[in-house]
Amino acid sequence: MKYMAEDKGTLYLCATPIGNLGDISERCLEILRSVDLVAAEDTRRTLQLLNHFDISKPLTSYHEHNKKTKGEYILRLLLEGKNIAQVSDAGTPAISDPGEDLVKLCIENDVTVTSVPGPVAGIQALILSGLSTRRYAFEGFLSVNKKNRYEHLNSVKNDTHTLIFYEAPHKLRSTLESMSAVFGGERRIALARELTKLHEEIIRTTIDGALEYYSERPPRGEYVIVVEGALEAADEEESPFWSDMSIAEHVDKYISEGMSQKDAIKKAAADRNVPKREVYNEYHK
Ligand code: SAM
């Protein structure tokens, strides 16, 4: 059967909040209200979202494990003229979430795909990281397989742009250990946790600083790890950021980034290659 372009429906890739329901856009709500069907990564979660906004809409599941057969089904409906919204559990579809294959399928079949923009956790983390936003690369999740994880990290070790990773809390420590082994523990990172939620927290430190921080407390919630690029780290080696600072300013900078006074003194002493006591005395002068 041949379908005319004007008879076909449209696939709307709808970004939804990553934690704060207030971040849903008016256009997203409008599209969710107007489409014939919502294809959701997890229909239960999306039903909660729709209920919250008083939207009643047929749902179908579309996820990693049914994307082949469900993709064909969704395509058929689009070709028949149905308008469909695709949503993931949180954030933007097709970013470390299902969507990419459906988009390809639609393009191959001349079905219009459009997007309803909204949050992407990686971008929120990047802009809050304090690291360079001029050039960045989204690296997604690292593999659970150790060999693949190291291969991935080694392949970006010398990249000069800022790197963005997604990570689950129970794997955070082992990922930081792998990063320390490959990138070196002194590279600056920002750990963005529970973005847009009540307990949002950005920890700006070094890779080893983060390992130390999490040696005492279990990582909780959702994380994005933003890692400084290689060149920036090298530049700093030539002319350290603290070279024009007094010892007190140097220590205060680390404290303002979330370190305890004790750790900040230890780190400043290590940076300057002087005894801790010297920094301690100078700081308390
Ligand atoms: N499509 C989503 C997006 O646009 O960001 C990402 C989905 S991916 C399956 C889920 C991962 O995104 C989490 O493991 C975490 O790394 C990151 N993430 C999602 N929401 C987050 C939040 N509120 N705070 C920090 N990280 C978050």
Side-chain angles (χ1 to χ4, degrees), residues 1-19 21 23-53 55-124 137-145 148 152 164-168 171 222 224:
M1 176 154 179
K2 195 107 183 85
Y3 294 92
M4 301 300 288
E6 61 271 24
D7 298 332
K8 295 176 188 173
T10 296
L11 177 71
Y12 296 88
L13 299 174
C14 292
T16 53
I18 55 171
L21 289 180
D23 292 334
I24 199 148
S25 73
E26 262 183 48
R27 192 154 83 89
C28 185
L29 293 175
E30 198 182 296
I31 297 293
L32 290 173
R33 283 194 188 103
S34 73
V35 289
D36 299 295
L37 177 71
V38 177
E41 184 183 8
D42 178 340
T43 50
R44 273 193 0 216
R45 278 190 73 163
T46 300
L47 185 62
Q48 284 170 3
L49 182 85
L50 295 183
N51 284 343
H52 180 88
F53 291 105
I55 299 172
S56 162
K57 217 27 88 170
L59 286 166
T60 192
S61 71
Y62 177 79
H63 50 69
E64 201 45 42
H65 307 290
N66 71 359
K67 65 184 182 188
K68 186 119 189 56
T69 49
K70 228 7 153 17
E72 294 295 336
Y73 167 73
I74 292 169
L75 174 68
R76 212 165 49 244
L77 294 178
L78 287 162
L79 291 172
E80 284 168 8
K82 301 273 187 281
N83 291 317
I84 299 180
Q86 203 229 320
V87 299
S88 58
D89 284 357
T92 298
I95 300 296
S96 288
D97 262 338
E100 182 183 334
D101 299 79
L102 194 53
V103 171
K104 285 183 189 154
L105 201 61
C106 287
I107 293 169
E108 280 161 21
N109 288 276
D110 281 330
V111 170
T112 305
V113 186
T114 188
S115 70
V116 183
V120 177
I123 296 298
Q124 303 315 309
F138 177 66
E139 298 296 327
F141 287 97
L142 287 166
S143 170
V144 280
N145 175 290
N148 295 344
H152 185 161
I164 303 168
F165 296 90
Y166 282 168
E167 197 47 284
K171 290 199 280 148
E222 299 199 89
V224 180

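With S143 contributing its side chain and N145 its backbone, the two residues share a donor-acceptor pair below 3.5 Å.
Not counting sequence neighbours, E139 has no partner by the salt bridge (charged side-chain N to carboxylate O under 4.0 Å, His left out) test. Evaluation of the side chain to side chain donor-acceptor pair (under 3.5 Å) rule for S61 yields N66 as partners, not counting sequence neighbours. By the side-chain contact (heavy atoms from CB on, under 4.5 Å) test, T10 pairs with Y12, N83, T112, T114, sequence neighbours left out. The side-chain contact (heavy atoms from CB on, under 4.5 Å) test applied to L47 returns N51, L59, not counting sequence neighbours. Residues meeting the side-chain contact (heavy atoms from CB on, under 4.5 Å) test with V113, sequence neighbours left out: L11, L13, V103, C106. Evaluation of the side chain to side chain donor-acceptor pair (under 3.5 Å) rule for T60 yields K70 as partners, not counting sequence neighbours. Partners of K171 under the salt bridge (charged side-chain N to carboxylate O under 4.0 Å, His left out) rule, at least two apart in sequence or in another chain, are E167. Scanning for side chain to side chain donor-acceptor pair (under 3.5 Å) contacts around E222 gives K197, with sequence neighbours left out. Legend: residues meeting side chain to side chain donor-acceptor pair (under 3.5 Å) with K104, ordered by chain and number and at least two apart, are E100. Legend: residues meeting salt bridge (charged side-chain N to carboxylate O under 4.0 Å, His left out) with K67, ordered by chain and number and at least two apart, are E64, D101.
Between R44 and Q48, every side-chain heavy-atom pair lies at or beyond the 4.5 Å cut-off. The shortest side-chain heavy-atom distance between L105 and E72 falls under the 4.5 Å cut-off. Two residues are said to be in side-chain contact when any heavy atoms from C-beta on lie closer than 4.5 Å; L37 and K82 fail this criterion. Contact check for L49 versus I55: no side-chain heavy atoms found under the 4.5 Å cut-off. Counting heavy atoms from C-beta outward, L32 and F53 have side chains that stay 4.5 Å or more apart.
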Show which side-chain atoms of residues 85-92 pair as donor or acceptor with protein atoms under 3.5 Å away, not counting sequence neighbours.
| residue | atom | partner | partner atom | Å |
| --- | --- | --- | --- | --- |
| Q86 | NE2 | P98 | O | 3.2 |
| S88 | OG | A90 | O | 3.2 |
| S88 | OG | D97 | OD2 | 3.1 |
| D89 | OD1 | D42 | N | 3.4 |
| T92 | OG1 | P119 | O | 2.8 |

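Residue pairs that meet the side-chain hydrogen bond (donor to acceptor under 3.5 Å, both in side chains) test with at least one member in residues 26-39, sequence neighbours left out, do not exist here.
Scanning all heavy atoms of the two residues, the minimum distance from Y166 to F141 falls at O-CD2, 3.4 Å. Across all their heavy atoms, C28 and A15 have their closest contact at SG-O, 3.5 Å.
In this structure, F165 and H152 have tilted ring planes: the angle between them lies in the 30° to 60° band.
Heavy atoms of other residues, nucleotides or ligands lying less than 6.0 angstrom from OH of Y73 number 12 at most.
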